[in-house]
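Position 1 is the first residue of the sequence, and the numbers go up from there.
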Amino acid sequence: MTEFDYHRPIDFLAEREPFRDRTGNSIVDVNTLFLTGRRCPIGCNMCDLHAFTREDSPPVGATVDQIDHALRRLPPASWIKLYNSGNFFDAASLPPADYDAIARRCEPFDRVIVENHPKIGRHRHLDFARRLRGKLEVAVGLESVQPRVLSRIGKRMTRDEFDRYAGWLTANDIDLRVFLIIGSPGIKTPEAVRWAKLSLRHAIAVGARHISLLPVRNGAGWGEDRRPLPTLTLQTLCEVFDDAIASTQHCCISIDLWEFKHQTLQPSDQNRLRCLSGAILEQRAVMHEAV
């Protein structure tokens with residue numbers, strides 16, 4: 001088993017991301033860092049990020065070393081994502097003693113995006129946010145509003161608990177990013193799409209600034225549930241994206257297309273992937289192009 005180095009990130013990359021609000025759309029340069037962290041104590045059984053974590057806690061200063069290592073090798077950007085395969089505000093995974101040093105590294109960035117579970121480290125959010133020049137945004141895995149799904153995957157939160165957390169973030173001037181899964185074991189594609197749309201509308205209603213849709217995939221766990229997963233094609237994802245874009249005037253919508261980008265596709269799907277990727281970046285409808 002690989003022992004990851006607490007002084008080196010798992011990976012890092014420069015990417016472009018859409019930004020959408022009531023004033024219009026734009027495209028932002030983002031530095032994304034995948035930090036080595038302690039295993040998440042929540043343990044959702046559909047999540048495989050634990051494969052990139054450790055069982056012990058990092059020493060003070062180690063996470064700062066990871067950020068320095070990545071930023072020395074990345075170009076300038078407007079935003080930074082600090083993802084540690086778990087919870088940024090879990091003191092066992094990221095020592096609060098590092099907050100000052102991390103905030104100094106984030107000084108050039110207008111937005112700092114981290115990931116966290118609603119039940120972990122709420123008071124530490126405000127401590128860290130006060131140290132930042134830029135805007136703090138917290139990414140949360142709601143996954144689905146489908147009954148029993150949160151319980152089945154071991155999320156250790158209810159939809160109401162998520163809603164209260166979303167309201168608390170808004171009340172404290174912290175932006176909310178939401179991860180939603182399209183599909184789960186044992187349901188057909190139309191049902192997966194229907195629940196994804198309902199979940200998206202719920203996330204919009206509680207104030208999400210950005211919603212990232214993740215198509216369900218094999219190899220991600222799901223505990224002992226071995227039922228088949230719904231088949232999600234690029235055509236289906238184009239339809240989901242168009243419906244989502246039409247549902248809001250200000251919330252940014254994206255779909256994780258990583259698996260499709262690493263497949264050998266037919267020409268028609270190559271065109272759909274190109275059109276959908278462009279539509280996500282520009283936050284516009286796609287179906288009239290993706291034929």
In Å, rounded to the nearest 0.5 Å, how long is the span from [atom1] of [X] to [atom2] of [Y]?
X      : Y      : atom1 : atom2 : result
Ile253 : Ile280 : CD1   : CD1   : 10.0 Å
Ile10  : Phe34  : CD1   : CZ    : 10.5 Å
Arg274 : Leu257 : CZ    : CG    : 13.5 Å
Leu74  : Ile67  : CG    : CD1   : 11.5 Å
Ser78  : Phe19  : OG    : CZ    : 11.0 Å
Leu13  : Arg73  : CG    : CZ    : 15.0 Å

Can you check whether [X] reaches [Y] side chain to side chain, under 4.5 Å on heavy atoms?
X      : Y      : value
Asp175 : Leu169 : no
Leu213 : Ser254 : no
Pro9   : Leu33  : no
His7   : His69  : no
Val112 : Trp79  : no
Pro18  : Ile27  : no
Asp29  : Arg16  : yes
Ile102 : Leu82  : yes

Tell me whether [X] is salt-bridged to [Y], with the criterion being a basic N under 4.0 Å from an acidic carboxylate O.
X      : Y      : answer
Asp100 : Arg104 : no
Arg54  : Glu3   : yes
Asp269 : Arg272 : yes
Asp110 : Lys135 : no
Asp243 : Arg201 : yes

Any donor-acceptor pair under 3.5 Å from [X] side chain to [Y] backbone:
X      : Y      : result
Glu137 : Arg111 : no
Asn87  : Phe89  : no
Arg20  : His250 : no
Ser57  : Ser93  : no
Asn84  : Leu35  : no
Gln66  : Thr36  : yes
Tyr6   : Asp56  : yes
Arg159 : Ser144 : no
Asp21  : Thr23  : yes
Gln283 : Cys252 : no

- Message: With side-chain hydrogen bond (donor to acceptor under 3.5 Å, both in side chains) as the test, pick out the partner of Asp127 among Arg131, Arg124, His123.
- Response: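 The residue from Arg131, Arg124, His123 that satisfies side-chain hydrogen bond (donor to acceptor under 3.5 Å, both in side chains) with Asp127 turns out to be Arg131.
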- Query: Would Leu136 and Asp173 satisfy side-chain contact (heavy atoms from CB on, under 4.5 Å), going step by step from the backbone distance to the final call?
  - Reply: CA-CA 8 Å; Leu136 178 61; Asp173 198 30; over 6 Å; no
Could you report the tightest heavy-atom contact between [X] and [Y], atom names first, then the distance?
X      : Y      : result
Pro75  : Asn31  : O-ND2, 3.0 Å
Ser247 : Leu200 : CB-CD2, 4.3 Å
Ala279 : Ala285 : CB-O, 4.3 Å
Gly183 : Pro230 : CA-CG, 3.8 Å
Val64  : Ala101 : CG2-CB, 3.7 Å
Asn172 : Trp168 : ND2-O, 2.9 Å

- Quick check, are the ring centers of Phe128 and Phe88 under 6.0 angstrom apart?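 They qualify: ring centres under 6.0 Å apart.
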- Query: Between Leu234 and Leu265, does a side-chain contact (heavy atoms from CB on, under 4.5 Å) hold up when you go through it step by step?
  - Reply: CA-CA 10 Å; Leu234 280 165; Leu265 302 174; 4.1 Å; yes
- Within a reach of under 6.0 Å around CD of Gln263, are more than 12 heavy atoms found that belong to other residues, nucleotides or ligands?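 Correct, the count exceeds 12.
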- Shared ILVMFWY cluster between Ile181 and Leu229, side chains joined below 4.5 angstrom?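 Yes.
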- Query: What about Leu198 and Leu232, same hydrophobic cluster or not, with Ile/Leu/Val/Met/Phe/Trp/Tyr joined at side-chain heavy-atom distances under 4.5 Å?
  - Reply: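 Per the 4.5 Å side-chain linkage, Leu198 and Leu232 are co-clustered.
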- Verdict with supporting geometry, Leu214 and Ile182, side-chain contact (heavy atoms from CB on, under 4.5 Å): CA-CA 6 Å; Leu214 289 76; Ile182 309 175; over 6 Å; no
- Message: Walk me through whether Asp98 and Arg105 qualify under salt bridge (Lys or Arg N to Asp or Glu O under 4.0 Å).
- Response: CA-CA 11 Å; Asp98 283 343; Arg105 271 65 176 179; over 6 Å; no
- Item | Pairing residues for Tyr165 by the ring-ring contact (aromatic ring centres under 6.0 Å, His included) criterion, not counting sequence neighbours |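 For Tyr165 the ring-ring contact (aromatic ring centres under 6.0 Å, His included) partners, ignoring immediate neighbours, are His125.
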- Task: Please step through side-chain contact (heavy atoms from CB on, under 4.5 Å) for the pair Leu142 and Val145, ending with a clear verdict.
- Result: CA-CA 8 Å; Leu142 170 60; Val145 296; 4.1 Å; yes
- Kindly state each residue pair satisfying ring pair (Phe, Tyr, Trp, His ring centres under 6.0 Å) with at least one member in residues 178-214, sequence neighbours excluded.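 Sorted result for residues 178-214: empty, none.
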- Arg38 and Glu55: CA distance, side-chain angles, deciding distance, salt bridge (Lys or Arg N to Asp or Glu O under 4.0 Å) verdict: CA-CA 6 Å; Arg38 182 186 172 107; Glu55 298 296 331; over 6 Å; no
- Can you name the residues that form a side-chain hydrogen bond (donor to acceptor under 3.5 Å, both in side chains) with Glu17, not counting sequence neighbours?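 Listed in chain order: Lys81, Arg177.
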